[in-house]
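Input: a single structure, listed below in structure tokens.
Naming convention: chains lettered A, B, ... in sequence-line order (proteins, then strands); numbering from 1 in each chain.
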Amino acid sequence: MADKLINITLPDGTVLNKPIGSTGYDIAFGISESLAKQSIAVEINNEFKDLSYPMEKDCSLKILKKDADYALELIRHDCAHVMAEAVQALYPGTQVTIGPAIENGFYYDFARDKPFTVDDLEKIEKKMHEIIDEGLEFKREVWNREEAIKFFENEGELYKAEIIKDLPGSEEITIYRQGKWLDLCRGPHLPTTKHIGKSFKLMKVAGAYWRGNENNEMLTRIYGTAWRTDKELRTYLNMLKEAEKRDHRKIGKEMKLFTFDEEVGAGLPLWLPNGSVLIEQLENLAKETENDAGYDRVKTPHITKGSLYEKSGHLSHYKDSMFPAMDIDGNEYYLKPMNCPHHHKIYASLPRTYKELPVRLAEYGTCYRYEKSGQLFGLMRVRSMQMNDAHIYCTEEQFKNEFLSVCNMYLYYFKIFGIEKYEMRLSLHDPEKLGEKYVDEPELWIKTEKLVRESLQDGELNFVEIPGEAAFYGPKIDVQVWSAIGREFTLATNQVDFAIPSRFDLTYIDKDNKNQTPLCIHRAPLGTHERFIGFLIEHFAGNFPLWLAPVQVVVITISDKFNDYANNVFKELKSNGIRVNIDNRSEKMGAKIRLAEINKIPIMAIIGEKEVSDNSISVRRKFKGDQGSLKLNDFIQNIKKEIDNRIL
RNA sequence: GCCAUUGUAGCUCAGUUGGCCAGAGCAGCUGAUUUGUAAUCAGCGGGUCGGGGGUUCGAAUCCCUCCAAUGGCUCCA
């Protein structure tokens with residue numbers, strides 16, 4: 001009896017007429033034996049499947065080899081399975097939960113009374129090698145739902161049983177076997193464990209909540225990285241090493257930018273003189289830019305009565321992130337987590353008319369937020385922060401223009417700092433969480449979200465929309481950036497606050513002498529000093545452009561015979577506002593140059609006999625080396641120009 | 001906050017199964033040297049081993065607790 005035939009279309013358009021139930025492997029083998037050997041999986045009708053998946057009807061077929069992008073995902077996912085088998089072999093009684101492929105690797109979450117430690121990793125890795133060497137075939141099976149649940153419950157795999165129970169009824173329950181071990185899994189997988197190769201490494205252990213919910217039990221997670229070849233693995237590990245060198249905490253220490261002190265408290269950075277230079281330069285930039293854009297500067301206090309935060313909604317929506325209240329003369333006072341309420345009070349302190357709108361109030365205010373201890377992270381997550389903050393009060397007609405101007409201000413800054421990789425995210429509210437996570441104003445949400453979207457579209461800015469990420473008081477644009485070592489951060493933020501008008505009775509008098517309510521835009525293009533500087537350190541690897549460099553020039557003497565002239569040069573530079581040091585130690589020039597290079601000082605002004613005789617200096621640039629000599633005056637003019645123009 | 005790891009001189013790190021007054025390099029100080037584009041030589045000083053408590057004849061080393069940092073989870077500028 002002849003089998004029924006189906007049509008299988010290959011990527012080049014060839015149509016093969018093959019028996020029903022043919023697999024990718026069969027087709028590959030039909031083409032060539034070596035192709036069959038190299039094949040690892042298939043794409044059937046644009047869906048990834050096992051190489052052994054039987055085709056039941058007409059379809060398109062693409063055979064994947066190890067060089068396919070998807071191969072990495074398979075290697076990583078299979079690695080996770082093998083690791084789970086290894087763990088259960090070595091530590092009986094451990095339950096498996098989930099174990100996906102992730103960027104650069106994979107993880108698997110286990111439930112075990114005693115969490116794993118890094119010491120366990122070596123053993124597990126060794127066992128994994130054994131399993132891979134066995135070349136076990138990954139076999140897919142479709143199971144009956146109820147039986148599957150019963151099976152896993154009997155095995156004591158309660159998490160797996162729970163996963164199946166929560167899968168939608170339409171979903172097929174599939175399990176994959178590798179030798180005697182099996183796991184609930186959607187697949188697909190490589191043909192055998194041998195296909196995984198040995199280019200993987202277990203990296204670290206971590207705690208992780210079951211289903212990512214902090215009310216659930218803590219599981220123990222093992223992370224690994226996996227690649228096609230040892231070379232790829234080495235490259236990746238090397239990249240991690242390089243990243244460590246750029247870490248802002250390391251460079252911050254080396255360059256004496258900031259420090260933390262146990263006795264001061266966690267998350268409370270102390271800015272050293274060098275770091276304070278950075279702050280000052282950023283503030284100058286912001287003040288200049290905001291001045292040109294029509295902002296007024298204001299100053300507000302660090303502590304405030306609780307009643308103000310009740311009015312603003314902070315106590316009902318943001319209290320967990322605030323430091324606890326202090327009792328002062330029977331009143332509750334709080335450290336301010338944001339500047340908004342104060343700015344609103346400044347707006348409300350005077351009668352406003354349509355003629356003076358938009359009112360733009362800017363402040364580099366220090367705010368304090370209670371971040372849980374486990375989430376503090378260098379300068380990137382701190383408890384005291386200085387925000388490049390401002391609030392813009394405008395009419396509805398002015399809104400789009402104002403909103404767009406703020407976005408363009410980000411882009412202006414990004415250009416100055418050479419930030420090329422960023423993403424604008426429009427964060428929207430989640431209608432189901434009105435009244436709890438978000439202020440309960442359904443129409444206002446929809447209206448302002450529309451306004452924001454349209455202004456971005458009008459400005460032809462690229463953005464993505466993210467539901468459920470809005471601030472409690474309104475939609476926002478967050479700008480994500482990636483530091484040079486791949487860390488992702490929300491840097492700039494631009495938010496609409498529509499809860500304000502009703503809560504704070506903010507008004508203005510319109511043309512018809514009627515009271516109107518302004519819209520409020522809350523923006524922080526440079527985020528906080530702490531995060532922004534942390535980002536900049538990694539972005540520049542500490543090699544700041546001249547205008548930002550804590551020390552811009554170091555005067556280096558070749559011998560102390562030239563100290564008098566060098567001192568004059570030093571004074572001259574200093575009186576021109578250049579941040580300059582002098583190295584007149586009784587050391588060899590090479591040693592002084594080396595020190596300057598290590599300290600990442602952009603310019604060295606070297607002085608010897610020749611320079612003294614013709615009133616010049618020999619210029620050396622960090623990295624670039626000897627730049628020849630210049631008359632002192634020309635040197636100063638050149639530097640000043642570079643600084644004033646904030647040349648990168 | 002939760003899980004794991006870590007905390008020795010200003011910095012980077014050694015310190016074997018608990019056992020002589022705790023070590024090195026760099027930095028610092030002093031002296032010699034007077035130097036032309038990434039390290040001149042010599043001498044010297046510097047540590048309540050994160051804090052507190054305990055076990056022990058004896059603790060940097062073992063236990064408890066607190067503090068801080070790191071990697072994650074959760075959360076976020």
Side-chain angles (χ1 to χ4, degrees), chain A residues 107 109 112 114-121 203-223 244 247 249-250 253-254 256 259-268 318 320-321 337-338 367 369-382 385-389 469 471 476 478-480 489-493 495 522 524-532 534-535 556-563 584-598 604 606-611 618-629:
Chain A
Y107 68 79
D109 285 348
R112 183 177 181 233
K114 189 176 171 290
F116 293 109
T117 74
V118 281
D119 299 331
D120 298 316
L121 297 185
M203 303 293 283
K204 53 201 174 193
V205 293
Y209 297 108
W210 167 235
R211 301 206 149 159
N213 185 329
E214 63 179 324
N215 299 318
N216 289 345
E217 53 275 37
M218 172 78 51
L219 305 171
T220 164
R221 174 176 296 182
I222 301 177
Y223 281 96
E244 227 169 274
D247 191 300
R249 293 166 297 192
K250 185 174 160 65
K253 197 181 265 180
E254 288 165 357
K256 302 184 177 69
T259 187
F260 289 92
D261 189 296
E262 273 189 40
E263 289 194 288
V264 174
L268 304 171
Y318 204 75
D320 288 349
S321 300
M338 297 183 191
C367 295
R369 294 185 189 171
Y370 172 71
E371 299 286 353
K372 288 191 257 173
S373 62
Q375 44 211 38
L376 300 173
F377 171 59
L379 282 182
M380 303 299 198
R381 279 297 277 284
V382 292
M385 65 210 84
Q386 303 160 68
M387 308 187 77
N388 170 222
D389 212 358
E469 287 293 319
K476 62 176 180 176
D478 282 332
V479 186
Q480 297 299 113
F489 291 100
T490 302
L491 204 61
T493 183
Q495 320 178 339
H522 168 182
L526 297 176
T528 65
H529 281 327
E530 286 72 17
R531 183 173 289 181
F532 193 68
F535 169 81
I556 290 177
T557 52
I558 287 175
S559 129
D560 38 3
K561 283 187 283 192
F562 317 117
N563 278 358
N584 53 15
R585 292 173 305 155
S586 164
E587 269 289 356
K588 286 176 79 170
M589 182 189 56
K592 299 185 187 184
I593 288 175
R594 181 167 182 275
L595 185 67
E597 293 270 352
I598 288 171
M604 287 152 257
I606 297 174
I607 286 162
E609 194 166 357
K610 180 175 162 294
E611 287 72 26
S618 173
V619 183
R620 183 188 162 98
R621 282 264 177 178
K622 181 180 50 174
F623 298 147
K624 293 183 193 151
D626 196 349
Q627 306 285 297
S629 65

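Judged by distance alone with a 3.5 Å cut-off, a donor-acceptor contact links the side chain of A/S559 to the base of B/U34. One donor-acceptor pair, N or O on each side, does fall under 3.5 Å between the base of B/U33 and the side chain of A/S586.
When the P atom is used for both B/U34 and B/C49, the distance is 45 Å, rounded to whole Å. Rounded to the nearest Å, the gap between the C1' atom of B/G50 and that of B/C57 is 28 Å. Look at the C1' atom in both B/G23 and B/A9: the space between them is 11 Å, to the nearest Å. Across B/U12 and B/G54, the matching C1' atoms stand 33 Å from one another, rounded to whole Å. When the P atom is used for both B/U65 and B/A4, the distance is 12 Å, rounded to whole Å. Taking the C1' atoms as reference points, B/U30 lies 37 Å from B/A68, given to the whole Å. Nucleotides B/G25 and B/A39 have their C1' atoms positioned 13 Å apart, rounded to a whole Å. As rounded to the nearest Å, B/U5 and B/G10 have C1' atoms that lie 25 Å from one another.
What separates CD of A/E587 from C1' of B/C29 is a distance of 14 Å, to the nearest Å. Here B/C2 presents its P atom at 14 Å from CG of A/L376, a figure rounded to the nearest Å. Atom C1' of nucleotide B/G10 and atom CD of A/E254 are separated by 14 Å, given to the nearest angstrom. Note: CD (A/E263) to P (B/G7) measures 20 Å, nearest angstrom. Atom C1' of nucleotide B/U34 and atom CD1 of A/I556 are separated by 16 Å, given to the nearest angstrom. Following rounding to the nearest Å, A/W210 (CH2) and B/C3 (C1') show an atom-to-atom distance of 17 Å. Distance, A/I593 CD1 to B/U40 C1': 15 Å, rounded to whole Å. Atom C1' of nucleotide B/U37 and atom NZ of A/K610 are separated by 13 Å, given to the nearest angstrom.
Looking at the side chain of A/K588, the nearest of the listed nucleotides B/U37, B/U35, B/A39 is B/U35. In the set B/U40, B/A69, B/G36, the nucleotide with an atom closest to the side chain of A/A266 is B/A69. Comparing B/G71, B/U40, B/G1 against the side chain of A/S373 picks out B/G1 as the nearest.
Taking side-chain N and O atoms only, A/K253 has a distance below 4.0 Å to OP1 or OP2 of B/U12.
Of all nucleotides present, none satisfies the Watson-Crick or G-U wobble test against B/U35 with each distance under 3.5 Å. With both pairing distances under 3.5 Å, B/C20 is matched to nothing as a Watson-Crick or G-U wobble pair. In this structure B/A4 sits in a base pair with B/U70, meeting the Watson-Crick or G-U test at under 3.5 Å. With a cut-off of 3.5 Å on both Watson-Crick or G-U wobble distances, the partner of B/C75 is given as none. Across all strands shown, B/G25 forms a Watson-Crick or G-U wobble pair, both distances under 3.5 Å, with B/C11. Partner assigned to B/U30 is B/A42, using Watson-Crick or G-U wobble distances below 3.5 angstrom.
Using a 4.0 Å heavy-atom criterion, one finds that A/E611 contacts the bases of the nucleic acid, with or without backbone contacts as well. At a threshold of 4.0 angstrom between heavy atoms, the contacts of A/E609 include nucleobase atoms, whether or not backbone atoms are also involved. Backbone-only contact: A/Y370 has heavy atoms under 4.0 Å from sugar-phosphate atoms and none from a base. In this structure, A/A591 reaches the sugar-phosphate backbone alone: every heavy-atom distance under 4.0 Å involves primed, P, OP1 or OP2 atoms, never a base. Contacts of A/K561 with the nucleic acid, taken as non-hydrogen atoms under 4.0 Å apart, involve only primed sugar atoms and P, OP1 or OP2. The residue A/G265 sits apart from the nucleic acid: no heavy atom pair falls under 4.0 Å. Within the 4.0 angstrom heavy-atom criterion, no nucleotide atom of any strand lies near A/Y107. Looking at heavy-atom distances under 4.0 Å, A/G267 makes contact with sugar-phosphate atoms alone, never a base.
Closest heavy-atom contact between A/M380 and A/F535: CE-N, 3.5 Å. In terms of heavy atoms, A/C367 sits closest to A/P337 at CB-O, 3.5 Å. The two atoms that bring A/S629 and A/K610 nearest to each other are OG-NZ, 3.4 Å, heavy atoms only.
In this structure a side-chain-to-backbone donor-acceptor pair under 3.5 Å is present from A/E530 to A/Q386. Between the A/R221 side chain and the A/A206 main chain, no donor and acceptor come within less than 3.5 Å of each other. With hydrogens and angles disregarded, a donor-acceptor distance shorter than 3.5 Å links the side chain of A/Q627 to the backbone of A/G625.
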A/E587 and A/R594: CA distance, side-chain angles, deciding distance, salt bridge (Lys or Arg N to Asp or Glu O under 4.0 Å) verdict: CA-CA 11 Å; A/E587 269 289 356; A/R594 181 167 182 275; over 6 Å; no

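Between A/D261 and A/R620, it is A/R620 whose nearest contact on RNA chain B lies nearer the 5' terminus.
Exactly one residue among A/R620, A/K592, A/R585 makes a side-chain contact (heavy atoms from CB on, under 4.5 Å) with A/I556. That residue is A/K592. Here the options are A/L379, A/V382, A/T490, the test is side-chain contact (heavy atoms from CB on, under 4.5 Å), and the partner is A/R531; only A/T490 passes.
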Do nucleotides 42-50 of chain B as a string where each nucleotide becomes B, S or -: B if the base has a protein heavy atom under 4.0 Å, S if just the sugar-phosphate does, - if no protein is that close. ---------

Counting primed atoms plus P, OP1 and OP2 as sugar-phosphate and everything else as base, spell out the protein contacts along nucleotides 72-77 of chain B at 4.0 Å heavy-atom distance: B, S or - for each nucleotide, 5' to 3'. BBBBBB

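Here CZ of A/R369 is found 8.5 Å from OG1 of A/T528. Values are rounded to the nearest 0.5 Å. Taken to the nearest 0.5 Å, the CG atom of A/N388 stands 4.5 Å off from the CG atom of A/L526. Separation of atoms NZ (A/K476) and CD (A/E469) is listed at 7.0 Å; rounding is to 0.5 Å. One distance of note links CE of A/M338 with CE of A/M385; it measures 9.5 Å at 0.5 Å rounding.
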